[in-house]
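These numbers come from the heavy atoms of this one structure, side chains and all, not from hydrogens, waters or symmetry mates. Order of the sequence lines fixes the chain letters, A, B, ..., with proteins taken first and strands second; residue numbering starts at 1 for each chain.
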Amino acid sequence: FEANAAAKCIKGDRKAPYTIGWANIYSVPTWMKQTQGTIEAEVETLKKQGLVDKLVVTDAQGDANVQIQQIQSMIDSDVDAIILIAGSSTAPARVIADACAKGIAIINFDSLVDTDQVTAKVNTDSSQWGDQAAKFLIDAIGGKGKILILNGPAGVSVSDDRRKGADAELKAHPDVTVLAETNTPYNVAPAQEAVTSLLFANPEIDGILSLGGALSAGAVLALDKQGRDQVPITGENARQFLELWKEKGLKSWATMQPNWLGAFAAYTAVQALEGKDVPAFVKIPLPVIDNSNIDEYLARAKDFPADGYIYSPYDEELFKKLLAQK
Amino acid sequence: MAPLLAARGVSKSFFGNPVLRDVSIALQPGRVHALLGENGAGKSTLINLLSGALRPDGGTIEVDGRAVARMTPALARQAGIAVVQQELSLTASLSIAENIGLGAYPKRFGLVDYSALAARAKAACELVGLHEPLSTPVGQLPLGRRQMVEIAKALYRKPRVLILDEPTSSLSATETKILTDLLERLRSEGIAILYISHRLNEVMKLCHHVTVLKDGICTADRSLEGTDAAGLVRLMVGRDPGDLFPQWRPSPSPATAISVRDFSAGLMRDVDLDIRTGEVLGIGGLVGQGQEDLLLGLYGAIPARTASATVNGAPGLPGGVPRANALGLAYVPADRKREGLHLIHTITTNMMLPAFARLPALKLRSRRAERETARGLATQLGIKGDLARQAQALSGGNQQKVALAKWMPHDPLVLLLNDPTRGVDVETKREIYLMLRAFAAAGKAVVLLSSDTPELVHLCERVAVVREGRIAAMLERAALSEEAIVSAAMGAENRKVAA
Amino acid sequence: MSTVSSARPAGALYWPVQARRNIGVRSLFLVVLAFLIAYGFLFPGLFSASGFAKFTQSWFPLALVAMAQAILMLTGGISLAIGPTVSLGAVIAATTMAGPLGVTGGAAAVALTGLGIGAATGFIVVRLRLPAIVVTLAGSFIIGGAALLILPRPGGAIPEWLSDLLAGDTPTAFVLLVAIVLLWKLYLATPLGLSLYAAGENPVGAYRSGVPVDAARVAAYAISGLLSTGAGLFVAAQTGSGDPVIGAAFTLNSIAAAVLGGIGFLGGQGTMRGALAGSLLLSLMISVMFFLGFTPVAQYVAQGLIIIGAVAIPQFRKVQ
Amino acid sequence: MTGWKDSAGGRRVMAILSSRPFLTVAIVAAVWIAASFASRGFGAYGHLRYLVELGAVIGLVAAGQTFVVIAGGIDLSVAAIVTVSAISLPLLSWQADPTGLAPVLAVLALTTIIGLVNGLGVALLRVHPMIMTLAMATFLQGLLIIIAGGSAVTAENPLVHWLGNARPAGIPAGVLLWVAVSMIVLTVMHATPFGARIFAMGANPLAAALSGVPVTSTTLAVYGISGFTSGLAGVLVLGMNGQGYVGIGDPYLLASIAAVVLGGTSILGGLGTYAGTIPGAILLVTITALITVVNASPGWRSILFGSLILGLLLLSGREQARR
Ligand SMILES: Nc1ncnc2c1ncn2[C@@H]1O[C@H](COP(=O)(O)OP(=O)(O)OP(=O)(O)O)[C@@H](O)[C@H]1O
Ligand SMILES: Nc1ncnc2c1ncn2[C@@H]1O[C@H](COP(=O)(O)OP(=O)(O)OP(=O)(O)O)[C@@H](O)[C@H]1O
Ligand SMILES: [Mg+2]
Ligand SMILES: [Mg+2]
């Protein structure tokens, strides 16, 4: 019994090979599928090292209540670690605390939970995302002009954080007028519809602050279809958007929520179980895509699904470096 | 003496069509008052006015001689008025007792007092001869028994005025007898009874006073003293009636239309039956012994088994309704609202449905031809009303005619009829009877399931009496009489009960 | 044959009536029982106090919304706004209970909101004769919007003790469920409650029999709203906080549970115990599939098959 | 003076003017005019054209939904079918077929089969339509996990691209497709025995069966049609977005039901017409577009959207009393 195991929730009574539970919120979207791919690849590696013997996957079908039940089942079946994308930033807090109390390593990534009863949280900084995107756009339109803001679904922390992150920059530039804001799922079709309507309502648009997912592709398509000139636009690493970016010669900037967050979470869980100290929060620096490196990304495009995301490369070295940061 | 309940000069229109014009009626205690009229004359509408289900456009409703400003069902109930609608007010998933007490449950601490309910419901049930456990869901009862529940429900409220709208139309002779005895007793206790029926012999036996409606106008309001059945019909239709039952002679050389051996379907078990061309084969017996299943099984509407069968020359049972239709079978159900008609569709559409079912699915329709066919059928059967209106706007009898009419263009070889004259006025009955016999005379077969025993006696070559899922007796024409049918239906050992 | 009923004392009507209402859902009960046994076998911890407590907690909100949907369907209605109503209940609880209103005040606010929303919906559907399915579809946007106004992103708080009481290691949820079922039985034994069935199956006949049909239906909507926001309160306690979109999945799940449980769409058909069994099956299914090690793909397929099977098998038996 | 109203032609005109579909058309026109005053650009030809183009997708899904609802059922799997169609089409690209027609036909066959399976469950297993189609949607989610993200290359199907982007004679190809489908649907619904059977089944399935309506095959056909039109909508939406993704069909489930009911078709079955669904679909996209340009918080927008639907329902969605 290693009484002073370093990381939170870890009691040190669990021995390799470990069983890892992946409590996914919804496994059908392509982003999730890609993420699962990185987790499975990582688990294969860890299996070879004799550290993991099983990966248990649950899919809450989008329902945060079901996710709670499934995490409970993971606790009941005594998995050694749970990696988790939360369906709600608050809902699973209590069940996670239970798991933590039972000495299960909990690595929460992508959509985070408002509790510190986890071994580690792994994510990019949503607020910084909004801030950097706003910076780029305001810069690109010369510090003044009329913009649209496209944001993800309402009532969800991630979209709310990204939007709030943009506030400071917007405030600092009173000459930037926000014509309209929308909340849609992070998908092409609803964004295209919304932007088309906004185009007709607003004859003059200088830029589009798009805060993730495939929203930007929808906006570009809308401009294109209505015969309007493309304007500076921010976005994420959705393959369709990156391809449109190149094709239309956009003035753009994109960042990403790398799919390898999943692999990294699995890696971190095992490290923690092995008694290593892991930071309570691993901040993943936002990889930036701009005109300087877009071609590198597009060169790898064929390895990714057409409706998927082209993520930055990763390896164990990167993981080690991330874990070492304080 | 002031009448317990009266209507004074009431009028009612639907969508501008006058249905009742200046009608008056007075219900006296201790009197059974008959309300007669052809289908669509306005009887049910008048009842709805009396019981507050509808408001009159003009005229007044009086209780105990005092005008009621605005009659509602609730007021009517308080005034001791109970209406027996035709199985209209029951809820299939509730038990007999819960149905009987519906809207007037005995309460204790705000809850339904099931003990009191059981006691009172049981008393009401015994009056009408209902012996099923009170906890039986009404949905599990056959039609005739449901009607008795409906009557028990009215009695449960200890009414001063009891209104019955065609209570016997789905009752067998035995049940009818129980009911008429009961009404006689209630009358002698001073209750005012309003009785609607198209069965004139019942009316003659039971009633003392009659009001006759014709096209919404009151054409007679008089004592029944010294009136005979023919006189009644004359009052209703305004001219001399012919015989209700047509004269006919059996066709000479019958062949077999349908033949089944060891036939089982629903309640029916191992029945052998031959249906001949050119005959009207009656199916009789107490309600709910499996007669309906026999028809439905032959028609392919419910699963059926048989050792061997031929249907119009083809071997085997049809096994499905479309196939049965193709073999020349047609079926007219008893419960026209639930099984026979599409109430929210127009009369024309209803009449055309069997054609739609048969025509090639994507052939273009001709509205004009449909209208003409429908018009022809309406004329042939005397169906009144705008054919572009919904079928639910028709009175019960006219709905029945539509349910029958829709098969006529298809010239069926075998007509399977399930109580086709239920709720049909005498004139129409006669027309239907004539049609049936003409049908048989043309060498086709008619299977007539009926709860109206005289109908069986007067129209059929043979009557199969069904009891407990088997054909208890096959009565040939020479042996046909109401007594024979009833005693076969009861079974020998139960004869005493019937008497 | 008449002796069966006449020999009994008249007081013995209530229980036979209850017993005969079971008939349609017996095979579902068997399926649920099979799943329960399988679950107990796969996870013996179920029989410990805390295992049982957790199990009933994950079932509880679904049970409530299944009841909320069933009571509407019994009157011939339906609601597509159950999910947002749950969310609204949750955010109201999470924003009031830790504040000056306190737990009592917050619970009252949740209850009143549920009753009010339900009654308003009922009034619109019943008195204005609009189709329930679209009224409640529109309502789902309005109610969901209100939840977003109160709490634009997940947050708020529920007092720790309340969370521990309702969703700790004690089977409070189960006790609550039993209490709610008893209350429902009590309601069904009132004239207004019992007339639900008549008002749903045969409104014209019921009206003519003196049943306050409209009142019965509006009351059903109000109760349904109360159950929904109540489920929201529980979810908030279970999660310790509020989330404005937490209830989304409950809308379809409540319908699935009710229909699995034999509640018909035309009104008047089915029983609450059936709806509860349906919700239990949906909830059990998730855990059992986990312990059987189903992959997500297998989970989706099996879920579809189980739902269809549970509805189709009794039908098959009927035909035979 | 009053004469024309009583003439046969006059009566027909009056009947049309007071019909549900016409009422819905009138509401659409009113909303368009009002919105054009409120927001510049709303009434621009290009914008209205775009609204109709968007309406085409809902309209196609709602075509099958109208059939199903009139037949007394409901199809909750349409959204999943749209997604399956849009996702699986890129997987099927055959070099041998330069037109791109073959993959489209293959996908439509697939979605029609999915619909037929729904029909089988409803007609033969007697599973309630809501449950059957809900289970089917769950089922298709499983299928999607398998096929989603499977295409490494963007599907460049010329036919699909044309459908989503071309504007022959200034009219979007999708709208032309919708017009063609509408004509066929209206004809089948109101001018063929098959259509009459559907109405009969919806109004009273028992009476329909006893009248010889082949209930099983008609039910199969109805759900098959719904699968087909949803598949067609998937193809169109794929063309309009250039890329399918999981969830692309999600908005169309509730929209299709709302369009059907706003168009005056009774959710209880047996009464209604696709002629009402068409303006119903356009009405829905119009409201969505209006909400988009309103500057308000998400909560208020949602409330506004719900209130508008409710208000319009008051105008057009009254249920007729039935017994
Ligand atoms: N609510 C209504 N709307 C339109 N028409 C109606 C309505 N109720 C009754 N009618 C019409 O009023 C007339 C009288 O109907 P009513 O039911 O009173 O006839 P009835 O005498 O009871 O006939 P039957 O002997 O067939 O039962 C019929 O022509 C019927 O079509
Ligand atoms: N369009 C309509 N809307 C509402 N009610 C209608 C309509 N058409 C008819 N009715 C009602 O239906 C009744 C006519 O049919 P109904 O079947 O009730 O008559 P009935 O005499 O009771 O029938 P039965 O002969 O089967 O006993 C009328 O009394 C009227 O109240
Ligand atoms: Mg009548
Ligand atoms: Mg009648």
The interface call for Leu192(C) against chain B, heavy-atom contacts under 4.5 Å, is neither

Backbone N or O of Ser93(B) within a donor-acceptor pair of the Glu201(C) side chain at under 3.5 Å? yes

Non-hydrogen atoms of chain C under 4.5 Å away: do they reach the side chain of Ala121(B), the backbone, both or neither? neither

Which atoms of Tyr207(C) come close to chain B, meaning under 4.5 Å heavy atom to heavy atom: side chain ones, backbone ones, both, or neither? both

Looking at Arg160(B), I want to see if its CZ is surrounded by more than 12 non-hydrogen atoms of other residues, nucleotides or ligands under 6.0 Å. yes

Looking at Lys107(B), I'd like to know if its NZ atom is crowded, meaning that more than 12 non-hydrogen atoms belonging to other residues, nucleotides or ligands lie closer than 6.0 Å. no

Spacing of OH belonging to Tyr114(B) relative to CG belonging to Leu194(C), to within rounding of 0.5 Å: 4.5 Å

From the list Leu102(B), Thr91(B), Ile302(B), the residue making the most non-hydrogen contacts under 4.5 Å with chain C is Thr91(B)

Closer than 3.5 angstrom, by distance alone: can the side chain of Arg208(C) be matched with the main-chain N or O of Gly52(B) as a donor-acceptor pair? no

Segment of Thr72(B) engaging chain C (4.5 angstrom heavy-atom cut-off): neither

So which part of Leu94(B) gets closer than 4.5 Å to some heavy atom of chain C, the side chain, the backbone, both or neither? side chain

Distance-only, no hydrogens or angles: does the Asn202(C) side chain make a donor-acceptor pair with backbone N or O of Leu90(B) under 3.5 Å? yes

Between Ser115(B) and Leu13(C), is there a side-chain heavy-atom distance shorter than 4.5 Å? no

Is it true that, when you exclude Tyr187(C) itself, more than 12 heavy atoms of the residues, nucleotides or ligands shown sit nearer than 6.0 Å to its OH? yes

Hey, which of Pro191(C), Ser195(C), Ser209(C), Gly210(C) has the most heavy atom pairs under 4.5 Å with chain B? Ser209(C)

